[in-house]
Chemist: 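After the structure tokens below, expect a handful of questions from me.
Along the sequence shown, residues are numbered consecutively beginning with 1. Remember, it's 1-based here, ligands and their atoms both numbered in the order they're listed.
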Amino acid sequence: MIDFRPKAPRRPLFTRTHREGPQASTDTLVLAVCIWFVLTGNGPFWRALLEGRSGLAPGTWGLVAAVGVTLVALHFAFIAPLANRWTVRPLLSVLIVVAAFAGYYTDRFTVYLDPSMLRNVLRTNVGEARELFAWAMLPQLALHAALPLWGLWWVRPLRRRWLVSLPRRLGVWLLVVLLGTAALWSVFQDAAATMRNHKEMRWLITPGNVAWSVAMVLGQDTAQATRPREVIGADAKRTGVALLPGRKPMRVVLVVGETARAANWGLNGYARQTTPQLAAMPDVLAFTQVSSCGTNTEVSLPCMFSPWGRRHYDEARIRGSQSLLHVLKRAGVQVFWRDNQSGCKGVCEGLPNETLSAASAPALCQGGHCLDEALLAGLGQLSQGAGRDDQLIVLHQLGNHGPAYDRRYPDAFRRFTPVCQTSDLRQCSREQIVNAYDNALLYTDHVLAQAIAWLREASSTHDTALIYLSDHGESLGENGLYLHGVPQAIAPAVQTQVPMVVWLSAGLVQHQGIDLACLRKRAGQTTSHDHLFHSVLGLMGVGTSLYERPMDVFAACRR
Ligand SMILES: [Zn+2]
């Protein structure tokens with residue numbers, strides 16, 4: 001481009017003016033920060049890419065260099081168009097802080113920051129978020145955020161007339177994209193094969209993973225907010241067991257567990273008795289081969305209350321449709337959702353529900369969290385509201401929500417010791433982590449036993465039942481993994497195998513003609529979240545064309 005003004009001396013990359021820091025162009029700043037991201041914030045990605053390769057082979061170094069250039073170019077290509085003299089520093093500051101946090105969690109817990117994980121993070125309430133933070137993180141976060149932030153605000157963005165800057169910046173952008181493409185091309189076969197075999201690796205690329213997931217979630221949520229939930233089971237009506245003459249009204253409690261894994265569940269044969277109270281009740285049935293729909297609450301909850309489940313999984317369809325509870329309600333069953341966690345994820349939208357707070361049960365709530373026994377407080381009053389109608393009460397537990405397992409139970413349940421008392425699990429031994437986790441299961445066992453005792457008492461006037469089903473499992477350090485949320489396709493069994501318990505009152509068993517020996521046998525066979533929708537419809541006598549008899553665990557055991 002021709003410039004007719006007298007020639008100014010060529011400006012060096014950094015120009016020092018007196019008193020203030022050096023100047024740099026917008027693109028230089030963006031590029032420098034992109035390089036910082038790729039070099040410092042992507043440990044898990046690099047480890048995954050280099051797994052099984054020799055660090056000494058020249059090919060490995062070539063691959064690292066080429067993928068590094070590609071990642072820098074990729075981030076630059078998206079960030080640079082949004083940056084100008086005014087926005088560059090605020091924009092990069094936000095990204096640096098996001099990358100520091102994302103990098104920390106990916107590194108520490110091998111969290112894959114895909115849209116479902118991000119949805120989980122965004123919907124987390126303050127109490128949960130507070131627990132995820134441990135003071136021990138501060139040094140690493142400070143190093144990863146404070147250092148580049150200081151540098152960024154020390155340097156001043158260069159002022160250029162836009163007529164000069166625009167073509168120049170366009171040129172730089174094209175050059176970087178070209179370089180990135182060339183670098184990718186040079187290792188395409190090798191890198192693409194690795195990425196294809198480990199598709200989930202892309203969710204380790206920080207902070208691109210966060211930016212992409214935020215965009216996806218916002219896009220989906222906006223699309224969803226503009227149209228109402230699709231009505232399902234419009235033909236729902238009472239049928240089957242609901243029409244039996246002389247039956248009692250039904251009262252069913254469905255406890256949605258949190259982060260309880262089958263591997264540590266006493267009833268499922270865990271070496272430690274983590275479910276002593278349930279084990280002492282001979283009429284409790286343990287389903288021992290149950291798999292979850294997802295590995296986090298945001299996926300599992302809507303999925304287990306949908307007619308399609310994992311076998312016909314379609315996230316947009318499930319999120320955009322009504323749930324089991326709406327179908328029950330339509331048929332005349334009273335439904336109520338009581339929450340001790342981060343909400344019902346749309347499952348109870350528009351239906352009676354309440355979220356526990358310190359006001360619900362002051363003695364059981366502290367620091368923004370309630371112990372799960374608070375879910376049982378005032379149940380009697382709640383159920384009286386249903387009168388002679390059939391009723392389903394859903395209790396959504398806080399359960400084994402990590403990493404602060406030790407805060408999930410009162411002191412009396414700290415039976416396996418020593419326990420891990422920090423959220424920074426890496427500071428604890430495996431034994432301490434497992435102890436705290438198992439204590440939380442002991443407490444769930446107690447809560448379930450209390451709920452059953454209450455239902456047993458009510459069985460003189462009602463046909464009562466309890467179903468307990470956990471939403472997903474948890475990793476407790478196996479293979480270096482902690483917490484949950486590994487993409488379903490590659491998730492370890494500890495994250496997808498969950499406990500499930502069924503208790504039926506003697507009256508219900510008799511009225512519905514259920515063969516308990518048959519059901520006990522069924523409990524040992526393969527089951528999944530997909531069975532919940534159809535089993536509850538069958539148990540409560542609600543018929544609709546959505547109902548699939550083979551998915552109803554009770555159906556084959558009715559005489
Ligand atoms: Zn969960």
Chemist: Can you tell me if, anywhere in His472, an N/O/S atom lies at a distance from the Zn ion (ligand 1) that is smaller than 2.8 Å?
Modeler: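 His472 does place an N, O or S atom closer than 2.8 Å to the Zn ion (ligand 1).
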
Chemist: Are Trp265 and Tyr468 an aromatic pair, judged by ring center distance below 6.0 Å?
Modeler: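 Yes; Trp265 has its ring centre under 6.0 Å from that of Tyr468.
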
Chemist: Among Arg119, Arg227, Arg319, which one satisfies salt bridge (charged side-chain N to carboxylate O under 4.0 Å, His left out) with Asp221?
Modeler: Arg119

Chemist: Within the stated cut-off of 2.8 Å, is an N/O/S atom of Thr259 closer than that to the Zn ion (ligand 1)?
Modeler: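 No, outside the cut-off.
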
Chemist: Asp471: which N/O/S atom is nearest the Zn ion (ligand 1)?
Modeler: OD2

Chemist: Does Arg408 make a cation-pi contact with Tyr405 (under 6.0 Å, within 45 degrees of the axis)?
Modeler: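 No, cation not above the ring by the 6.0 Å, 45° rule.
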
Chemist: In terms of relative ring orientation, are Tyr547 and His534 parallel, tilted or perpendicular, with 30° and 60° separating the classes?
Modeler: tilted

Chemist: How is the N/O/S atom of Glu258 that comes nearest to the Zn ion (ligand 1) named?
Modeler: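 Result: OE2.
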
